[in-house]
Protein chains: 4
Amino acid sequence: MTPPNTARRRETSRRAILTATFDLLQEVEYAKISIEGIASRAGVGKQTIYRWWPSKGAVVFDAFLMLSEGAEGGPVRLPDSGDLAADLTMVLRATVEELTDPRYEQPMRALATEIAHDSELAAAYAERLDGPLREAKRERLRSAQRAGQLADDLDLDVAVDLIWGPLFQRWLHRGGPLTTDWTDRLVATALDGLRPRR
Amino acid sequence: MTPPNTARRRETSRRAILTATFDLLQEVEYAKISIEGIASRAGVGKQTIYRWWPSKGAVVFDAFLMLSEGAEGGPVRLPDSGDLAADLTMVLRATVEELTDPRYEQPMRALATEIAHDSELAAAYAERLDGPLREAKRERLRSAQRAGQLADDLDLDVAVDLIWGPLFQRWLHRGGPLTTDWTDRLVATALDGLRPRR
Amino acid sequence: MTPPNTARRRETSRRAILTATFDLLQEVEYAKISIEGIASRAGVGKQTIYRWWPSKGAVVFDAFLMLSEGAEGGPVRLPDSGDLAADLTMVLRATVEELTDPRYEQPMRALATEIAHDSELAAAYAERLDGPLREAKRERLRSAQRAGQLADDLDLDVAVDLIWGPLFQRWLHRGGPLTTDWTDRLVATALDGLRPRR
Amino acid sequence: MTPPNTARRRETSRRAILTATFDLLQEVEYAKISIEGIASRAGVGKQTIYRWWPSKGAVVFDAFLMLSEGAEGGPVRLPDSGDLAADLTMVLRATVEELTDPRYEQPMRALATEIAHDSELAAAYAERLDGPLREAKRERLRSAQRAGQLADDLDLDVAVDLIWGPLFQRWLHRGGPLTTDWTDRLVATALDGLRPRR
DNA sequence: ATATAATCGAGACGGTACGTCAGGTCTTGCT
DNA sequence: AGCAAGACCTGACGTACCGTCTCGATTATAT
């Protein structure tokens, strides 16, 4: 994602570009964001963007990366109180909070749709951004599995998809309101399954 | 979605535009499709598009609508052999087939991302395109519920999300390969839930 | 200038079009006047204009024709007090008045430049609009010639051009201010010639 | 007539645009010339035209300017054989030749009518294009005046208008054929005046 | 008085050009 | 060498009009 020799690269320009990008994402519709706009907002020549990023999506992606690296101190962990249902409920509620936060909603939709169209970006996303988070989710489930709260033969990847897939889908496609009621039922249903339990 | 008086509208132009749109969606990346391109491909003046549709997304949407209306004869129904697991497995495999069909993949990604950015479009999608299909899904589950195969207190809407949400999410975000193996495990896990039975 | 059978033609529409045209000429730059604009201002279908006039210039021309026919009662005559210099001075001052009248300046510039580009229109202009006026000018000079105030062998057509040519030229090309001082000197110089007398 | 900083301007583009403009003026009716047409003929982006010229008329004007600057070597001078009538006759015949030359007629009509509608352009024309020529005309007359061939109190500006005004007027408004016979009579009448001598 | 046919208003249509915005490349000095 | 600045060619935007073409709904004779 950064072709030439990084040595002489000016760090201040890089940060200015990524910050300007993220700021713009919050302010205007994604489709209306332009390289020119980013450059002028960042006080940077267009060439400086084209030199270091192959596409607008890549800039957006790096803007998120910068943000997440800034936030992070050490590996991500999901809460583990021993009560899986309670922990999941809490995490999903927090996720909903973030997804509907006006500061992040538009930028995240932008990232999501860029990924949908660009498989290289999708791979980078899977590795750099989603990877650690997904591992944390898997880890929390593994812990529950060890505690006998989940089926032994459960495919943890499928399980992660089963819980978070519906949430992201509903959010991205506006399938309905993201209420706590809904997330709570989602967790319960995923844990118990559709079939009647005795 | 169609502002002026529809009376004098020329049906041949309308069809030409929608057909051209869908054809283009298969050939070139969505972002590179232009109103100008659609108009010239359809042999139509640009104004004729701007007169009847408010945005590129709306045209794309109507192109899908035309397609689905053409295909449909009566209400959509999911197979009902009495064996829910088998039926769902089959339907999901077919869905995967469609989602990865080169003719439809790009157009459907385009539609999905347009919906993600335009809530009006999302509403129209929910009502006109996804609505009947979702009702069919719910109906199949209701039938199973009546047969005692699903929990009595199951929220069918959540159930639908639980099965199809992960699928669409994995497809759209390229979360991994869409193999029959994965869909089969998805169905099984959704039906049984994450918790151990017995 | 009016092709089909004039019998069934609606006179009210014709007048509305010509009036609207002349009004528009006063209000907006000639280049910005459109058939659509005239039609909508006149409350008339575009086809009604296209049916009866071959070009925008022709409509403008007819608008002038209508005006001049309205004004006229009998043939045009220039004043003839017996004092040619005085009469010409007066007439030229009046002409300047008209050429710089804000109600007429723009429309007349429009007509003048249409004529410059369309020789058919120029012929119609020469015959219907300029013709009678030019004949009146010639007649006034002929009268002076009979009175021995002009050279016997004078070509009256050249004489008319010599007096009014410079005026129109200065007006149309904005060669300088059209003051009474200038017109008076023009008349005097034209009458006496450039060469020294005696 | 040239807004931004001229420093970075590409001279090749400028010349291509002006040349293309002049060429087009010879080929097609002025009203049918478009910025788009000029740009494509010149192999230039439209923006490059809009960047440096405010209007189509300004481009046309500069095209003429380029031509006249190319032709010129030093200040313009009218022939001075000592015989004013002969010299003027010759010059007017040459002017007629030029005005009716198929290469220049349409372009010059275009320039003339642009000037008629745009007073800024008219001012630029008066200063840059017509100015030197008019001074040459005045100078020739001044020389004749010194030689006692013209009245001492003659206003040379009026005199210039008296000779060339009728010519341009007849040409632009197609007032009649531009024969040598007519121009010769024009010169004679202007010199002698309308009043009888002796 | 009624049929009948041209004219009318309205405005959709396939086009062309408008003047603007942005994309991505290239060039020019400055640091 | 990287950079800010910005000119350049390209292509698309959304709008305004072009001149043609239906549509009913008036008229104004010609039956």
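Numbers restart at 1 for each chain; the letters A, B, ... are given by sequence-line order, proteins then strands. In what follows, every heavy atom counts, from backbone to side chain, and hydrogens, waters and symmetry copies are set aside.
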Query raised in the report: Which whole-number value in Å describes the distance from C:Ile49 CD1 to E:dG11 P?
Result: 15 Å
Query - Nearest-0.5 Å distance that lies between atom CZ in B:Arg15 and atom CZ in B:Arg10 - result: 15.5 Å
Report task. Specify the separation, in whole Å, of atom CD1 of D:Ile38 and atom P of F:dT10. Result -> 16 Å
Report task. Go through the structure and list residues passing ring pair (Phe, Tyr, Trp, His ring centres under 6.0 Å) with C:Phe64, not counting sequence neighbours. Result -> C:Phe22
Requested in this report: Would you mind reading off the distance between C:Arg41 atom CZ and F:dC17 atom P, rounded to a whole angstrom?
Outcome: 13 Å
Query - Strand-adjacent residues in residues 10-27 of chain D, judged by heavy atoms under 4.0 Å from DNA chain F - result: D:Arg10, D:Ser13
**Report entry** Length of the line joining C:Trp52:CH2 and F:dG19:C1', which is rounded to integer Å
**Finding:** 18 Å
**Report entry** Heavy-atom closest pair, residues B:Gln106 and B:Leu25
**Finding:** CB-O, 3.6 Å
Report task. Enter the distance from B:Ile17:CD1 to B:Thr12:OG1 here, rounded to the nearest 0.5 Å. Result -> 9.0 Å
Report summary line: Assert: residue with more 5' nearest nucleotide on DNA chain F, out of D:Val44 and A:Val44, is A:Val44
Query - Straight-line distance of D:Ile38 CD1 to D:Thr48 OG1, nearest 0.5 Å - result: 13.0 Å
**Report entry** Residues that B:Ala112 engages under side-chain contact (heavy atoms from CB on, under 4.5 Å), provided they are two or more places apart
**Finding:** A:His173, B:Leu172
Query raised in the report: Pick from B:Val60, B:Leu67, B:Val59, B:Asp23: which one makes a side-chain contact (heavy atoms from CB on, under 4.5 Å) with B:Leu18?
Result: B:Val59
Requested in this report: Rounded to 10°, tell me the angle between the two end axes of the helix from E:dA1-F:dT31 to E:dT31-F:dA1, each built from five pairs.
Outcome: 10°
Query raised in the report: Which pair of heavy atoms, one from B:Arg9 and one from B:Arg14, lies closest together, and at what distance?
Result: NH2-CG, 3.3 Å
Query - Length of the line joining C:Trp53:CH2 and F:dC18:C1', which is rounded to integer Å - result: 18 Å
Report task. Mark yes or no for whether B:Arg174, through its side chain, and A:Ile115, through its backbone, hold a donor-acceptor pair below 3.5 Å. Result -> yes
Would you list the protein and nucleotides 11-15 of chain F atom pairs, both N or O, that sit under 3.5 Å from each other?
{"unit_1": "F:dC13", "atom_1": "OP1", "unit_2": "B:Ile35", "atom_2": "N", "d": "2.8"}
{"unit_1": "F:dC13", "atom_1": "OP2", "unit_2": "B:Ile35", "atom_2": "N", "d": "3.3"}
{"unit_1": "F:dC13", "atom_1": "OP2", "unit_2": "B:Glu36", "atom_2": "N", "d": "2.9"}
{"unit_1": "F:dG14", "atom_1": "OP2", "unit_2": "B:Tyr50", "atom_2": "OH", "d": "2.5"}
{"unit_1": "F:dG14", "atom_1": "N7", "unit_2": "B:Lys46", "atom_2": "NZ", "d": "2.9"}
{"unit_1": "F:dG14", "atom_1": "O6", "unit_2": "B:Lys46", "atom_2": "NZ", "d": "2.7"}

Query raised in the report: Does E:dT7 have OP1 or OP2 sitting under 4.0 Å from an N or O in the side chain of C:Thr48?
Result: no
Report task. Classify the side chain of D:Arg8 versus the base of E:dT28 as yes if they form a donor-acceptor pair under 3.5 Å and no if they do not. Result -> yes
**Report entry** Polar side-chain atom of D:Arg41 near backbone of D:Ala20 as donor-acceptor pair, under 3.5 Å
**Finding:** no
**Report entry** Partner set under side-chain hydrogen bond (donor to acceptor under 3.5 Å, both in side chains) for C:Thr21, not counting sequence neighbours
**Finding:** none
Query raised in the report: Please give, in whole Å, the distance from E:dG11 P to B:Arg51 CZ?
Result: 11 Å
